[in-house]
J.: 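There's a structure below that I have some questions on.
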Amino acid sequence: MVMLLSLWFVMSVRCLMMKTESKVKFGSKNKSFINVNKKLLIMSLKKSFFSIWNAFPMILAIVLLISLLNSYLGSFSISSIFSGIEIIDAFFANVVGSILAGSPITSYIIGGELLKSGVSLFVVTCFIVSWVTVGVVQFPAESVLLSKRFAITRNVFSFIFSFVVSLIVVVVVSLL
Amino acid sequence: MFFNLNLTLVFSKFISIFKSLIPVFFLMFVITFLISYFVKPKILVKYLGGNSGVKGYLIAVISGIISTGPIYMWYPLLSDLRETGMKDSLILVFLYNRAVKLPLVPLMAVYFGFKYTLVLLFVMIFVSVIQGLIFESFSFFGGIKNE
């Protein structure tokens, strides 16, 4: 389903952008309908393969790190780091959310449990947002593939804006 | 406490995560190939480059929301697009909007309520665009540039 959606999206973009290069005329002797540029096809295939191949070792390393973190998570209680002072708790929630990685479903489950144990919605939102936006585990791969400057900037922005998002969400939800 | 790890558990989690990535590798290969074959650099620069404007932000937001798989699987494709001319602020917007997971909305609503979930999603989309604009202004003022 996802593959079909992705294919549809790319083909739609292509159709919107493409000018009609060869029109099929009624009764034309030229029966060729699909014009395949073999050189471009081979070049695109090679480029796609090598872009994933070159990133493969980094992806393996990230998966291993996530496996280590997820295994360790079972023996570590996140709620033990919260003191009750909201601003400090929000900061620690952001730090922990930034370091931990994995499926967002895990963050919702942990967030739900934190909420039940008395942690404020602001702190829980900081945790969830930083989990999905900040990526300390992915940082090495991001800095190699997208430049160190970009990786640092994006993660710092995401860290700071997780406070902003949490504040706005909590205020809006309380007003509604 | 840190060294009290069950290595068998770590290895089995590694295998299970890696197995789930195999279809994503193929998906990434297909998407990278399609973009590389069909989308000419001039077109990419027009819609995602320096002067793309609102269209670029819209494409980045929507494609970030509908994208799937782990974030690190998108780095190779984004790196290629960046080399071709996609601006960094749109990459930032795309990566931030990846946090908006539409298939997980029902699950989030179960834990936190529908109202909270919707508000969070809309605020995240809005903040992603703000971040992109701030990032562009940094580049404009010569603060942060592509390497």
Side-chain angles (χ1 to χ4, degrees), chain A residues 2-3 5-7 9-10 13-14 17-18 40-41 43-45 47-49 51-52 54-55 58-60 62-64 66-68 70-72 75 104-105 108-109 111-112 115 121 125 129 132-133 135 138 141-142 145-150 153-154 157-158 161 164-165 168-169 172-173 176, chain B residues 1-2 4-6 9-11 13-14 17-18 21 25 27-39 43 47 63 66 68 71-73 75-80 82 88 91-92 95-96 98-99 101 104 107-108 111-112 115-116 119-120 123-124 127 131 134-135 138 144-147:
Chain A
V2 166
M3 276 186 75
L5 268 173
S6 311
L7 274 167
F9 177 72
V10 173
V13 166
R14 191 213 162 196
M17 293 173 189
M18 199 176 71
L40 182 61
L41 184 77
M43 198 180 78
S44 303
L45 282 168
K47 191 181 170 188
S48 317
F49 176 77
S51 75
I52 293 169
N54 291 336
M58 285 178 274
I59 290 168
L60 274 183
I62 290 169
V63 173
L64 188 58
I66 290 170
S67 313
L68 275 165
N70 284 353
S71 306
Y72 182 57
S75 59
I105 298 171
Y108 301 159
I109 297 167
L115 210 56
L121 189 63
T125 311
V129 173
V132 289
T133 55
Q138 301 93 292
E142 192 173 341
L145 291 167
L146 298 173
S147 93
K148 201 184 282 183
R149 196 171 275 179
F150 175 82
T153 314
R154 189 190 78 77
F157 270 35
S158 299
F161 274 95
V164 175
V165 166
I168 296 172
V169 166
V172 171
V173 166
L176 287 174
Chain B
M1 187 166 74
F2 183 74
N4 188 21
L5 284 174
N6 186 343
L9 182 63
V10 172
F11 188 66
K13 278 191 194 285
F14 172 79
I17 295 172
F18 189 76
L21 286 181
F25 276 116
L27 177 66
M28 287 298 109
F29 176 77
V30 167
I31 293 174
T32 312
F33 164 71
L34 289 172
I35 290 175
S36 172
Y37 185 74
F38 290 114
V39 180
I43 306 294
Y47 286 93
S63 44
I66 64 173
T68 184
I71 191 172
Y72 45 87
M73 294 301 298
Y75 293 156
L77 172 63
L78 291 171
S79 172
D80 283 346
R82 192 173 182 253
D88 281 358
I91 295 176
L92 190 147
L95 290 173
Y96 201 87
R98 277 191 41 82
K101 308 265 184 200
L104 299 182
L107 180 67
M108 202 177 184
Y111 282 102
F112 304 104
K115 187 170 60 173
Y116 171 90
V119 170
L120 179 65
V123 170
M124 286 185 76
V127 164
Q131 280 191 54
I134 293 173
F135 189 87
F138 268 103
I144 296 161
K145 288 182 185 151
N146 285 0
E147 283 178 356

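Every heavy atom of this structure was used, including side-chain atoms; hydrogens, water molecules and symmetry mates were not. The shown structure was predicted, so the numbers you read here are calculated from the model rather than taken from an experiment. Each chain gets a letter, A, B and so on, in the order the sequences are listed, and its residues count up from 1.
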J.: So what's closer than 4.5 Å to chain B heavy atoms on A/L40: side chain, backbone, both or neither?
T.: both
J.: Between A/T133 (side chain) and B/Y96 (backbone), is there a donor-acceptor pair under 3.5 Å?
T.: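 Answer holds: no.
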J.: What residue, out of A/V164, A/I168, A/V129, A/L64, has the most heavy-atom pairs lying under 4.5 Å from chain B?
T.: A/L64
J.: If you measure only the distance, is there a donor-acceptor pair under 3.5 Å linking the side chains of A/S48 and B/T32?
T.: no
J.: Atom CE in B/M73, atom CD1 in A/I52: separation rounded to 0.5 Å?
T.: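 So the gap between those two atoms works out to 6.0 Å.
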J.: Heavy-atom distance under 4.5 Å between the side chains of A/M43 and B/S36, does that happen here?
T.: no
J.: For residues B/L92 and A/F150, report the shortest heavy-atom separation together with the two atoms involved.
T.: N-CZ, 3.8 Å
J.: Drop me the distance from B/F11's CZ to A/S67's OG, to the nearest 0.5 angstrom.
T.: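 Result: 10.0 Å between the selected atoms.
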J.: With rounding to the nearest 0.5 angstrom, report the NZ to CG distance, B/K13 to A/L68.
T.: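 Between atom NZ of B/K13 and atom CG of A/L68 there are 11.0 Å.
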J.: Measure A/L176 against the heavy atoms of chain B and call it side chain, backbone, both or neither at under 4.5 Å.
T.: both
J.: Is there a side-chain contact between B/Y37 and A/L45, using heavy atoms and a 4.5 Å cut-off?
T.: no
J.: Can you find a heavy atom in the side chain of A/L145 that is under 4.5 Å from one in the side chain of B/L78?
T.: no
J.: At what distance, to the nearest 0.5 angstrom, does CG of B/L104 lie from CD1 of A/I105?
T.: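 Between B/L104 CG and A/I105 CD1, I get 5.0 Å after rounding to 0.5 Å.
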J.: Quiz question: by atom type and distance under 3.5 Å, do the side chains of A/E142 and B/Y75 form a donor-acceptor pair?
T.: yes
J.: Using non-hydrogen atoms only, which part of B/L77 is less than 4.5 Å away from chain A: side chain, backbone, both, or neither?
T.: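 Neither part; nothing is under 4.5 Å.
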J.: Taking side chain as everything from C-beta outward and backbone as N, CA, C, O, which of these in B/F112 sits under 4.5 Å from a heavy atom of chain A? Side chain, backbone, both or neither.
T.: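 Just its side chain gets close to chain A.
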J.: Nearest 0.5 Å, what's the CG-CG distance between B/L21 and A/L60?
T.: 9.0 Å
J.: Hey, what do you get for OG1 (A/T153) to CD1 (B/I134), rounding to the nearest 0.5 Å?
T.: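 Here the rounded value is 12.5 Å.
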